[in-house]
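Would you mind keeping the following structure in view while I ask a few things?
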Amino acid sequence: QVQLVESGGGLVQAGGSLRLSCVVSRSIFSISAMGWYRQAPGKQRELVARITSNGMASYAEYVEGRAIIFRDNAKNTVYLQMNSLKPEDTAVYYCNTFPALNNFWGQGTQVTVSS
């Protein structure tokens, strides 16, 4: 079974940075695209960024210029570097394939940005 384990979240002041990691239990080379998602309390889960197997990255408008998604295929890990964090970024962050597969959702990692 495929497992995805997110880490790297925490409490950070507005303007700070975090690097989130997603370790996948299988090779990610053959996965067409991976994504980072987030869900704030009372909100729908939303896509933050995605990266294809060819290394093409795209971002939601609200993180454009503040986030970088990249991957290390040898480590089966997808990263999300987030800079200039805002309180609105507070959410649980998840990784999954893109499009997401329901059975692949993990526990996520909490990001809390204080003002």
Side-chain angles (χ1 to χ4, degrees):
Q1 293 181 334
V2 175
Q3 293 179 294
L4 298 87
V5 180
E6 302 95 340
S7 63
L11 175 63
V12 63
Q13 292 184 351
S17 299
L18 287 171
R19 179 173 291 183
L20 310 182
S21 299
C22 171
V23 179
V24 185
S25 64
R26 59 155 287 177
S27 174
I28 62 174
F29 181 78
S30 62
I31 301 175
S32 61
M34 294 290 297
W36 276 97
Y37 305 77
R38 70 186 188 186
Q39 186 170 26
K43 301 290 186 179
Q44 293 281 339
R45 185 146 46 198
E46 60 188 6
L47 178 68
V48 179
R50 61 179 175 178
I51 185 167
T52 70
S53 60
N54 294 325
M56 300 295 293
S58 60
Y59 304 90
E61 286 192 12
Y62 51 81
V63 298
E64 185 70 45
R66 302 190 297 118
I68 301 172
I69 185 171
F70 59 102
R71 68 187 195 184
D72 185 335
N73 289 341
K75 295 181 178 179
N76 295 327
T77 302
V78 182
Y79 302 92
L80 182 68
Q81 175 72 37
M82 298 191 67
N83 304 313
S84 301
L85 284 162
K86 305 175 180 179
E88 309 95 271
D89 295 320
T90 296
V92 178
Y93 284 70
Y94 303 87
C95 63
N96 206 323
T97 56
F98 181 85
L101 296 174
N102 287 337
N103 291 340
F104 285 7
W105 295 115
Q107 296 299 308
T109 185
Q110 176 71 51
V111 171
T112 302
V113 184
S114 62
S115 60

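Source: prediction; values computed, not measured.
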Are Asn76 and Ser27 side-chain neighbours, meaning at least one heavy-atom pair lies under 4.5 Å? yes
Counting only heavy atoms not in Gln107 (residues, nucleotides, ligands), do more than 12 fall under 6.0 Å from its CD? no
Contacts satisfying salt bridge (Lys or Arg N to Asp or Glu O under 4.0 Å) that involve residues 98-114 (not counting sequence neighbours) are none
Rounded to the nearest 0.5 angstrom, the CZ-CD1 distance for Phe104 and Ile31 is 6.5 Å
- Query: Does the side chain of Cys22 reach to within under 4.5 Å of the side chain of Val24, using non-hydrogen atoms?
  - Reply: yes
Checklist entry - Does atom CD of Gln3 have more than 12 heavy-atom neighbours, drawn from other residues, nucleotides or ligands, at distances under 6.0 Å? => result no
Smallest heavy-atom separation, Ile69 atom then Ala57 atom, equals CG2-CB, 3.6 Å
| When you look at CD of Glu64, are more than 12 heavy atoms from neighbouring residues, nucleotides or ligands closer to it than 6.0 Å? | yes
Correct closest heavy-atom pair for Tyr62 and Leu47 would be OH-O, 3.0 Å
For residues 41-63, the salt bridge (Lys or Arg N to Asp or Glu O under 4.0 Å) pairs (sequence neighbours left out) are Arg38-Glu46
OG1 (Thr90) and CG (Leu11) are apart, to the nearest 0.5 Å, by 8.5 Å
Q. So if you build clusters from Ile, Leu, Val, Met, Phe, Trp, Tyr with side-chain heavy-atom gaps below 4.5 Å, do Ile68 and Val63 land together?
A. yes
Checklist entry - Is it true that Tyr93 and Phe98 fall in one hydrophobic cluster, defined by side-chain heavy atoms closer than 4.5 Å? => result no
Checklist entry - So do Met34 and Thr97 actually touch side chain to side chain, heavy atoms under 4.5 Å? => result yes
request  = Evaluate the side-chain proximity of Trp36 to Glu6: yes if any heavy-atom separation is below 4.5 Å, no if none is.
outcome  = yes
On a heavy-atom basis, the closest approach of Ser21 and Thr77 is CB-CG2, 4.3 Å
| said: Between Val5 and Val78, is there shared hydrophobic-cluster membership here, with clusters defined by ILVMFWY side-chain heavy atoms closer than 4.5 Å? | reply: no
Separation between CG (Asn54) and OG (Ser32), nearest 0.5 Å, reads 10.0 Å
ask   = Quick one: are Leu4 and Trp105 in side-chain contact, heavy atoms under 4.5 Å?
value = no
- Derivation of the side chain to side chain contact (heavy atoms under 4.5 Å, CB included) call for Val2 and Leu101: CA-CA 11 Å; Val2 175; Leu101 296 174; over 6 Å; no
### Message
Taking the ring centre of each residue, are Tyr94 and Tyr37 less than 6.0 Å apart?
### Response
no
For residues 80-87, which side-chain donor-acceptor pairs fall under 3.5 Å, sequence neighbours excluded?
{"residue": "Gln81", "atom": "OE1", "partner": "Arg19", "partner atom": "NE", "Å": "2.8"}
{"residue": "Gln81", "atom": "OE1", "partner": "Arg19", "partner atom": "NH2", "Å": "3.4"}
{"residue": "Gln81", "atom": "NE2", "partner": "Asn83", "partner atom": "OD1", "Å": "2.9"}
{"residue": "Asn83", "atom": "OD1", "partner": "Ser17", "partner atom": "OG", "Å": "2.9"}

Correct closest heavy-atom pair for Asn73 and Phe29 would be ND2-CD1, 3.5 Å
